[in-house]
Number of protein chains: 2
Amino acid sequence: MESASQSRQADKAKPLISIKDIAKEAGVSICTVSLVLNNKDRNRVSKAVAQRVRETAQSMGYKPNSVARTLRTSRSYALGFITDEIATTPHAGRVLVGAQEAARKLGYILLTVNTGNDRELENQEIAALRQYRVDGFLYAMMYHRVVKIPAELEGSPTVVVDGEDENRKIPSIYPDDEMAGYDATNRLIQAGCKRIVYYGSSITIIAQGERFAGYRRALADAGIPFDEQLVVNVEEATNAASEAGRVFDEIKPDGIFCFNDVRATFIYEAARERSVGIGTDVSVISIDNQPLITDVLKPALTTLELPHYEMGFEAVHQLVAMIDDGAATESLARSEDSIRRSENGPMTPLRCRIIERDSIVS
Amino acid sequence: MESASQSRQADKAKPLISIKDIAKEAGVSICTVSLVLNNKDRNRVSKAVAQRVRETAQSMGYKPNSVARTLRTSRSYALGFITDEIATTPHAGRVLVGAQEAARKLGYILLTVNTGNDRELENQEIAALRQYRVDGFLYAMMYHRVVKIPAELEGSPTVVVDGEDENRKIPSIYPDDEMAGYDATNRLIQAGCKRIVYYGSSITIIAQGERFAGYRRALADAGIPFDEQLVVNVEEATNAASEAGRVFDEIKPDGIFCFNDVRATFIYEAARERSVGIGTDVSVISIDNQPLITDVLKPALTTLELPHYEMGFEAVHQLVAMIDDGAATESLARSEDSIRRSENGPMTPLRCRIIERDSIVS
DNA sequence: CTGAAAGCGCTTACAG
DNA sequence: CTGAAAGCGCTTACAG
């Protein structure tokens, strides 16, 4: 006999009951219990017995032991959530919330791990996750970028969140920044703006290129000629303030599409200094919907929200689809002429939602 | 024989090797392998054999199967991280990062779960976590408050993060808001301020009472009489702006201690409207260190940072101490005259760090 | 110093 | 329709 009371606080908890206990109580074998509780009893167990087993399990408060099940079946219903760094922005943590919610609904649980962009740590954590026999991996980035999937993940179901696999092979969920740029610019055009500044980023991340492309497409669709002079790319820490001033002093636009909310604050500041009325004299729109900023700016900033929650949610859905039906997903990812997903292959850009407030002239 | 190839992408991965494989390769029994790999081989296995086993394990790239170990030992080295809602502020997610880092260092892994303050969901998730046989629970709140521990957690090692157990029985880690109020006020006093406004919160959360208490203590320590007129408690959404104006128009202080960074923005705004120079005419300090705010405010705001990372880190440390040595921790928690922790019992307030910037007159 | 055996809780062919 | 048995990978008394 093994030590009956390991010195742990947990021992005070009520004892966990197993299918063996139920079998004894219901007067059947454990395999009958297993069959019934897994709903595999059709044509195998009499209705009466099945009913009795279910009631017994219910009344005894039976909860299956996931660990034992995992050992036996090699399916853990656990997903590894790997992130470089969570919560740099208030919204980034929402991808974890979305992922967690989807996982719960699908009967999965999330094991989360931060790596802080340290490749060695990342490998170490992936190994740890494997020891726990996770069924698949979410590889979540802090912001939309091209990612190199760690070789350690090879062969395991994986989906990239807020990033794009460099080879466009691994399913990737990310914000549709081109569409966001289009929608933002188009919103300004709908408000009657003719001379729209793109107040962008001089750092060349994906979002910058895509949003700018969306800006140009919206202009083109509206028949407004593109003017290089209206593009002002800035860096937050250096020239954002001076360039914002130049926007008003030299360019004098009727609409401004800001790369993000932080940049919008520079536009607000410059407008205030010049007594230009945002929402009255000039329309402003941006992207991010950072609560701390939108709370404070007046007039309230109209902006697009990145689909963080949705990315997490969708990623888990796709991952579980791969796990539950690997063969189908595999062939899907391989065939170029697949019917579903034909356009983007395994890539899933998600649209951003516009949050209407008061910074656009109506 | 069971189906050799379940249709899962994971099957492409290299096969997992077990102690059985090592035993065969090294020509010993599996129990010898187990003993050696768990470092329980002293006086039980010859050095030569032990060495051979280790080398074999190494060369075969053996990783123990946590699931099998858990089933056998009832110890999962997994912790349940329960949170009401992650990432409302950029910093809140840092508690998860801190917890995760501590967990990794101690050989544990985190299963995270969000409940969105839904009590029923919470119970459901706790049950799920139990099915995975977590060794203990972190019960993390979004902000410092008194918490009622769910009955479902009873009997399991648990520590509260960013909250205080209402019964002061369950170990709780939270920011030392009284000390933060003291440190902030004292910083102003050190800068020569004599007439210090407390620009606080009219919502009575813990932090408000504590920071105000710290404010009064710092005043008392410095021999500055407390003046009720200098206390201005506001609500962000309603009277913050008008009251900030009143601070300058009627009270005319030389120092202002703001409850948080968001409130500081109202003070900045009011000062600007009146051409009062922050950092030159009046000193301002606050609490939160919200990057999005401190990035934008000029002059840069001196503020105290809440120890989010540290709370997560410390909580995991205490939880693991309970798990590894339950008996000791139990007696500790019960004895009123314990030597360690005598002062606060199971409560651990953590000090906030001051981030010096340019809003205090030097 | 080393190995055979039991068992953690479950699932799954297989035999009846 | 139901049960006995094997086995997932590990640990741990126990016997030698």
Side-chain angles (χ1 to χ4, degrees), chain A residues 1-4 6 10-11 15-53 57 60-77 130-133 135, chain B residues 1-4 6 10-11 15-53 57 60-77 130-133 135:
Chain A
M1 191 179 51
E2 290 181 51
S3 122
Q6 300 168 35
D11 286 298
L16 294 163
I17 69 138
S18 71
I19 54 171
K20 200 196 288 179
D21 302 315
I22 299 174
K24 194 186 297 176
E25 184 72 17
V28 297
S29 74
I30 60 164
C31 75
T32 299
V33 175
S34 176
L35 250 22
V36 172
L37 265 21
N38 286 302
N39 295 314
K40 293 184 177 172
D41 55 316
R42 278 179 63 86
N43 302 338
R44 307 202 56 186
V45 180
S46 70
K47 289 219 152 105
V49 170
Q51 177 68 3
R52 183 150 42 93
V53 168
M60 296 179 83
Y62 172 72
K63 295 284 180 187
N65 181 331
S66 302
V67 173
R69 175 178 298 180
T70 299
L71 180 58
R72 182 58 233 255
T73 63
S74 300
R75 286 278 272 114
S76 63
Y77 293 90
R130 278 196 196 289
Q131 290 183 240
Y132 283 89
R133 296 296 184 266
D135 293 329
Chain B
M1 193 179 48
E2 291 181 49
S3 118
Q6 299 166 39
D11 286 297
L16 294 162
I17 70 137
S18 70
I19 54 172
K20 202 196 286 179
D21 302 315
I22 299 174
K24 194 185 298 176
E25 183 75 16
V28 297
S29 73
I30 60 165
C31 76
T32 299
V33 175
S34 176
L35 251 22
V36 171
L37 265 21
N38 286 302
N39 296 314
K40 293 183 180 171
D41 55 316
R42 279 178 61 84
N43 301 338
R44 307 203 57 189
V45 180
S46 70
K47 289 219 151 99
V49 170
Q51 177 67 5
R52 182 150 42 93
V53 168
M60 297 180 82
Y62 172 72
K63 297 283 181 187
N65 181 332
S66 302
V67 173
R69 176 179 296 179
T70 300
L71 182 58
R72 183 60 234 255
T73 62
S74 301
R75 287 277 272 114
S76 63
Y77 294 90
R130 278 195 195 292
Q131 290 183 241
Y132 283 89
R133 297 298 184 265
D135 294 329

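Order of the sequence lines fixes the chain letters, A, B, ..., with proteins taken first and strands second; residue numbering starts at 1 for each chain. Fair warning: this is a prediction, and the values are worked out from it, not measured in the lab.
Applying the 4.0 Å criterion to OP1 and OP2 of C/dT11, one finds that A/Lys40 has every side-chain N and O outside that range. Within the structure, every side-chain polar atom (N or O) of A/Lys20 is placed at least 4.0 Å from both OP1 and OP2 of C/dC10. Side-chain nitrogen and oxygen atoms of A/Ser29 include at least one within less than 4.0 Å of the OP1 or OP2 phosphate oxygen of D/dG3. Checking the phosphate oxygens (OP1, OP2) of C/dC10, a side-chain nitrogen or oxygen of A/Tyr62 falls inside 4.0 Å. Checking the phosphate oxygens (OP1, OP2) of C/dT11, a side-chain nitrogen or oxygen of A/Asn38 falls inside 4.0 Å. At D/dT2, one or more side-chain N or O atoms of A/Ser46 fall inside 4.0 Å of OP1 or OP2 (strictly under the cut-off).
One interatomic measurement links the two molecules: CD1 of A/Ile22 to C1' of D/dG3, which rounds to 17 Å at whole-angstrom precision. With rounding to whole Å, A/Ile30 atom CD1 is found 12 Å from C/dC8 atom C1'. C/dG9 atom P lies 16 Å from atom CZ of B/Arg130, rounded to whole Å. Straight-line distance from the CD1 atom of A/Ile19 to the P atom of D/dG3: 13 Å, rounded to whole Å. Atom CZ in B/Arg75 sits roughly 19 Å away from atom C1' in C/dG9 (whole-Å rounding). The nearest whole Å value for the distance from the NZ atom in A/Lys24 to the P atom in D/dG3 is 15 Å.
Taking 4.5 Å as the limit, every side-chain heavy atom of B/Lys63 sits out of range of all side-chain heavy atoms of A/Arg130.
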- Please lay out, stage by stage, how B/Ile22 and B/Met60 fare under the test side-chain contact (heavy atoms from CB on, under 4.5 Å). CA-CA 8 Å; B/Ile22 299 174; B/Met60 297 180 82; 4.2 Å; yes
- Please report the C-alpha distance between A/Ser34 and A/Asn38 in whole Å, then the side-chain angles of each, then the deciding distance to 0.1 Å, and finally whether the side-chain contact (heavy atoms from CB on, under 4.5 Å) criterion is met. CA-CA 6 Å; A/Ser34 176; A/Asn38 286 302; 3.4 Å; yes
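Along DNA chain C, the nucleotide nearest B/Leu71 and the nucleotide nearest A/Cys31 are compared for position; the residue whose nucleotide lies closer to the 5' end is B/Leu71. In terms of position on DNA chain D, the residue among B/Arg44 and A/Arg133 whose nearest nucleotide sits closer to the 5' end is A/Arg133.
Counting any heavy atom pair closer than 4.0 Å across all strands shown, B/Ser34 reaches a base atom. Backbone-only contact: A/Arg69 has heavy atoms under 4.0 Å from sugar-phosphate atoms and none from a base. Contacts of B/Val67 with the nucleic acid, taken as non-hydrogen atoms under 4.0 Å apart, are absent.
With hydrogens and angles ignored, the 3.5 Å screen pairs no side-chain donor or acceptor of A/Ser76 with any backbone N or O of A/Thr70. Side chain of A/Asp135 to main chain of A/Arg75: no donor-acceptor pair is present (N/O by atom type, distance under 3.5 Å, no hydrogens or angles).
For A/Leu35, taking side-chain heavy atoms from C-beta onward, the closest of the listed nucleotides C/dC10, D/dC10, C/dT12 is C/dT12. The side chain of A/Ser18 approaches C/dG9 more closely than any other nucleotide in the set C/dG9, D/dC10, D/dT12. Residue B/Thr32 has its side chain nearest to C/dT2 when only C/dT11, C/dC10, C/dT2 are considered. Relative to the side chain of A/Arg72, the nucleotides D/dG7, D/dG9, D/dT11 differ in distance, and D/dG7 lies closest.
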